[in-house]
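Here is the structure we will look at, set down as structure tokens.
Bear in mind that the values here come from a model prediction, so they are computed numbers and not experimental data.
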Amino acid sequence: MSEAVYLEGVHKIYRTAAGEVHALRGVTLKIPSATATALMGPSGSGKTTLLNIISTLDRPTSGTVVVLGTDVTNLDERRLERFRLLKIGYLFQSYNLVPYLTALQNVMLPMLAAGMPRDLAKAKAKLLLRLVGLEDSAERYPIQLSGGMQQRAALARALANSPELLILDEPTSNVDLENASAILSLILALNKAWRTTVIIATHDPDVAAIADRVYTVRGGYVVDGEIPKGEIRIDLERAKDIYDKIRAIDSTWR
């Protein structure tokens, strides 16, 4: 099995007025392709820093970072932005939806940025909103959506360019139990039916239970963790049906 992510000796030091903050301390980590990995740990442990480095939103102070077979450690910003746009989907804890765009327009945005024709981007965005159960809310603005609906819209946007790697930062922390279950089942379906590599940062054992492997992040160090017991029901057939339609759109463009 090939590796989707490989980190070797990664340090991240932030310099502040109060002194240096060592967010990561020599992290070496291998994440196989098409697996689901959970990163557990309390706030301030280094989880989000680790996600940002894997997603190329941040650079390590030292060490090597290889993502999807590409050494991204020293890529220039232009190439890094293009790589991130086409290869990585990121679900932020705070949603980060554009407030003056509708749900449909928010999902279309990464596809248009990648150069997809508008008609194809619109058709694909509608399918993604259907996938997350928001087909009837396509023309609503973020302020008109509940927290759970915004999270699902943000997930649809993260999937806009059919990423090989999906990264989620506390995907259920701001939603109710029903929406949390819906999001987790969808993440599992993406991983199992679409073979998308998934990395989830969480402090919730119920979320970590969907992973193939769990790591504990504490004080900037990463160690093996125990997978909590849990069961999330998933609808692979529904996901696969929509996925096939999305892949048909992708094939006409790329």
Side-chain angles (χ1 to χ4, degrees), residues 36 85-86 88-198 200 207 210 232-254:
L85 177 66
L86 296 178
I88 301 172
Y90 200 128
L91 180 62
F92 296 91
Q93 186 175 351
S94 56
Y95 317 139
N96 283 10
L97 296 171
V98 181
Y100 54 83
L101 297 181
T102 65
L104 181 68
Q105 291 168 334
N106 264 284
V107 179
M108 289 175 62
L109 195 60
M111 292 180 269
L112 297 176
M116 180 181 281
R118 180 170 290 274
D119 58 335
L120 293 181
K122 186 174 183 179
K124 185 176 178 181
K126 287 182 176 180
L127 285 170
L128 287 167
L129 288 173
R130 178 183 161 199
L131 181 68
V132 300
L134 290 179
E135 60 266 47
D136 295 330
S137 301
E139 299 305 324
R140 293 186 185 181
Y141 292 91
I143 197 172
Q144 298 172 311
L145 303 174
S146 68
M149 295 168 77
Q150 288 188 58
Q151 190 74 313
R152 284 184 280 143
L155 178 57
R157 184 186 58 187
L159 299 172
N161 285 324
S162 301
E164 296 176 44
L165 174 61
L166 177 64
I167 296 176
L168 310 106
D169 191 2
E170 299 284 1
T172 62
S173 62
N174 297 320
V175 299
D176 58 30
L177 184 60
E178 183 178 355
N179 274 292
S181 295
I183 290 168
L184 290 177
S185 63
L186 182 54
I187 292 168
L188 257 186
L190 293 168
N191 173 243
K192 303 304 180 186
W194 295 19
R195 306 293 292 165
T196 304
T197 303
V198 174
I200 309 172
V207 176
I210 76 170
I232 299 293
R233 297 180 63 185
I234 58 175
D235 187 350
L236 290 178
E237 288 305 314
R238 177 177 176 275
K240 186 178 184 305
D241 175 62
I242 298 176
Y243 172 73
D244 289 342
K245 292 182 174 66
I246 288 172
R247 276 292 187 243
I249 291 175
D250 287 342
S251 67
T252 66
W253 175 57
R254 292 182 178 174

Next on the checklist: The test is side chain to side chain contact (heavy atoms under 4.5 Å, CB included); show your working for L128 and L134 and say whether it passes.
Outcome noted: CA-CA 9 Å; L128 287 167; L134 290 179; over 6 Å; no
Checklist entry - What's the verdict on salt bridge (Lys or Arg N to Asp or Glu O under 4.0 Å) for K122 and D119, showing C-alpha distance, side-chain angles and the deciding distance? => result CA-CA 5 Å; K122 186 174 183 179; D119 58 335; over 6 Å; no
Checklist entry - Taking it one step at a time, do L188 and L184 satisfy side chain to side chain contact (heavy atoms under 4.5 Å, CB included)? => result CA-CA 6 Å; L188 257 186; L184 290 177; over 6 Å; no
Checklist entry - Run the side chain to side chain contact (heavy atoms under 4.5 Å, CB included) check on Y90 and D169 step by step: do they pass? => result CA-CA 8 Å; Y90 200 128; D169 191 2; 4.2 Å; yes
Item to check | From CA spacing to verdict: side chain to side chain contact (heavy atoms under 4.5 Å, CB included), I210, V198 | outcome: CA-CA 10 Å; I210 76 170; V198 174; 5.8 Å; no
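Remark: S162 OG to W253 CH2 distance equals 9.0 Å, nearest 0.5 Å. Expressed to the nearest 0.5 Å, how far CG of L131 lies from NZ of K245 amounts to 11.5 Å. Taken to the nearest 0.5 Å, the CG atom of L166 stands 8.0 Å off from the CD1 atom of I200. The CG atom of L104 lies 11.0 Å from the CG atom of L109; values are rounded to the nearest 0.5 Å. Atoms CG and OG1, from L190 and T197 in turn, are 11.5 Å apart once rounded to the nearest 0.5 Å. Note that CG of L127 and CG of L159 are 12.0 Å apart. Values are rounded to the nearest 0.5 Å.
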Using atom types as modelled, flag every donor-acceptor pair under 3.5 Å from a side chain in residues 139-146 to any protein atom, sequence neighbours excluded.
{"from": "Q144", "atom 1": "OE1", "to": "Y141", "atom 2": "N", "distance (Å)": "2.8"}
{"from": "S146", "atom 1": "OG", "to": "M149", "atom 2": "N", "distance (Å)": "3.2"}

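Scanning both residues, A103 and S137, for their nearest heavy atoms gives CB-O, 3.7 Å. P171 and L91 get closest at one heavy-atom pair: CB-CD2, 4.0 Å. Taking all atoms of both residues into account, the shortest heavy-atom contact from A125 to M108 is CB-CG, 3.6 Å. Shortest non-hydrogen contact noted between L85 and N161 is O-ND2, 3.1 Å. When every heavy atom of Y95 is checked against every heavy atom of G147, the shortest pair comes out as OH-O, 3.3 Å. Contact record, T172 with Q151: N-NE2, 4.3 Å, taken as the closest heavy-atom pair.
The list of salt bridge (charged side-chain N to carboxylate O under 4.0 Å, His left out) pairs with a residue in residues 149-167, not counting sequence neighbours, reads K87-E164.
Side-chain contact between M116 and D250: present, with at least one pair of heavy atoms (C-beta onward) separated by less than 4.5 Å.
The existence of a salt bridge linking D136 and R130 is excluded, since no basic side-chain nitrogen approaches an acidic carboxylate oxygen closer than 4.0 Å.
There is no side-chain donor-acceptor pair under 3.5 Å between T196 and N191.
Side-chain atoms of N106 come within 3.5 Å of backbone atoms of T102 as a donor-acceptor pair (strictly under, hydrogens ignored). Side-chain atoms of K124 come within 3.5 Å of backbone atoms of A160 as a donor-acceptor pair (strictly under, hydrogens ignored).
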